[in-house]
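Order of listing sets the numbers, starting from 1, for every ligand and every atom in it. Numbers here simply count residues along the sequence, with the first being 1.
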Amino acid sequence: MPLTQANEIFAAKRLENVRYAIRDLACVADEVTKQGYKVLPLNVGDPLNFDFQTPPHIVEAVYKAMRDGKNGYAPSPGIPEAIEAIRGEAARKGITTVQDAFVTSGVSETVDLCISALVNPGEDILTPKPDYPLYSAVLCKLGIALNAYDLSEDDAWQPELADIEHKLTRRTRGIVLINPNNPTGSLCSRQMVEQLAEIARRHKLVVFSDEIYDKLILPDSNGDATPHIAFAAVAPDVPCITFGGMSKNYLVPGWRIGWGIVSGDAAAVKPYTEGIHRLLRARLCANHPEQYAIKPALEGPQDHLIEVRRKLRSRRDLTQKWCESTPRVSCVAPRGAFYAFPRIDIPESDEVFVKELIRQKHVMVVHGSGFGQKPGTQHFRIVFLPDEKTLTTAYAGIADFIRERYGNG
Ligand SMILES: Cc1ncc(COP(=O)(O)O)c(C=O)c1O
């Protein structure tokens with residue numbers, strides 16, 4: 001055997017199903033950039049790439065913490081003042097049965113840690129389809145088979161209860177709810193949350209409620225601004241971990257600050273919470289100085305959110321209007337976060353659509369198959385964070401591409 005082959009180090013087989021949607025596209029975008037074109041990035045959910053600014057008082061809090069020498073390891077569950085502020089936030093969300101709260105390096109770490117602390121080999125948890133790809137990546141990493149339930153496009157992307165019941169097995173330990181949702185921008189109704197709680201009760205499931213976008217709720221086209229419903233507020237008795245963080249609501253994704261709020265019956269969640277703390281201790285701590293921004297963020301002025309939601313509403317409306325007026329495109333209007341997940345009626349895969357769109361019109365969106373979707377359907381995810389001028393240029397490019405490649409259908 002040639003030496004080069006013998007020396008090749010292969011990655012673990014269990015990673016084979018980890019999806020690389022965004023990275024695959026980056027290679028195509030690099031090609032186009034090398035040819036001298038500027039790619040319009042409607043693919044990355046980082047507000048700081050666009051006209052959004054971190055509230056200055058929280059930057060000052062971290063700066064002060066660093067100057068004050070808070071640069072060593074922090075306590076593993078987080079600094080006490082941050083944990084207290086997170087408990088206060090839980091109370092504002094209406095969660096009355098908080099049993100624990102801890103700080104992590106972004107919600108990404110909360111997801112990894114909470115799933116790792118729960119699921120044994122041979123067991124599974126239900127994840128939404130489409131989903132935020134980190135969930136399936138963590139499950140692949142743990143060697144846990146995916147068990148995805150459908151979100152119903154015909155019902156504003158609400159979870160399909162019948163599919164959940166169908167997918168549940170005796171080995172299902174938990175269920176993930178992403179609300180508001182990435183990639184669809186949908187918001188769960190109170191009735192849906194109540195029905196999910198009923199299923200969780202009946203099947204003794206832990207609920208992972210990812211609420212990282214809970215302050216980015218947009219009114220619908222009639223101006224109806226139904227508020228966000230926290231799962232744990234509706235189901236105080238159900239074992240639940242509510243995921244929250246600073247990346248999106250407080251415009252600091254690079255700080256890597258998230259948290260978990262454990263709620264439910266105290267005795268029931270105790271052993272699981274102890275397992276989580278074992279993992280929290282093993283990884284030492286979350287970023288230390290950044291934790292000093294949690295209290296001022298959650299308890300200080302929230303003015304920036306008014307401006308963020310104003311911009312997002314205008315950009316969502318523009319996106320929705322474009323979807324409604326463009327042949328072969330339809331879209332459930334997003335109600336939260338900054339994503340739209342339009343459906344496209346085309347005779348080829350959405351992955352080809354997206355790659356050719358980058359090559360020909362230099363607009364970058366992510367294909368629906370990168371998030372999971374029902375067989376036979378095609379979608380793409382738009383991040384509508386860019387300003388109106390950029391979005392208008394990008395949407396004109398996508399419309400031209402559809403017309404030139406597929407006709408108006
Ligand atoms: C639904 C959802 N959960 C979690 C995360 C990860 O967030 P963090 O930056 O806190 O790790 C994201 C990031 O885009 C997300 O969309």
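The residues K13 and E16 are annotated as not salt-bridged, no charged nitrogen and carboxylate oxygen being separated by less than 4.0 angstrom. Between R256 and E290 there is no salt bridge, since no side-chain N of the basic residue sits under 4.0 Å from a carboxylate O of the acidic one.
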Name each N or O atom in ligand 1 that is under 3.5 Å from a protein N or O, and give the partner atom and the distance.
from     : atom 1 : to   : atom 2 : distance (Å)
ligand 1 : 3 (N)  : D210 : OD2    : 2.6
ligand 1 : 9 (O)  : S247 : OG     : 2.7
ligand 1 : 9 (O)  : R256 : NH1    : 2.8
ligand 1 : 10 (O) : V107 : N      : 2.6
ligand 1 : 10 (O) : S247 : OG     : 3.3
ligand 1 : 11 (O) : V107 : N      : 3.2
ligand 1 : 11 (O) : S108 : N      : 2.9
ligand 1 : 11 (O) : S108 : OG     : 2.6
ligand 1 : 11 (O) : R256 : NH2    : 2.7
ligand 1 : 14 (O) : Y213 : OH     : 3.4
ligand 1 : 14 (O) : K248 : NZ     : 2.9
ligand 1 : 16 (O) : N182 : ND2    : 2.8
ligand 1 : 16 (O) : Y213 : OH     : 2.6

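Proximity of a side-chain donor or acceptor of R309 to a complementary backbone N or O of K215 within less than 3.5 Å is detected.
No more than 12 heavy atoms of other residues, nucleotides or ligands sit less than 6.0 Å from atom CD of E84. A 6.0 Å sphere centred on CD of Q360 holds more than 12 heavy atoms belonging to other residues, nucleotides or ligands.
F341 does not carry R343 over the face of its six-membered ring by the limits of under 6.0 Å from the centre and within 45° of the normal.
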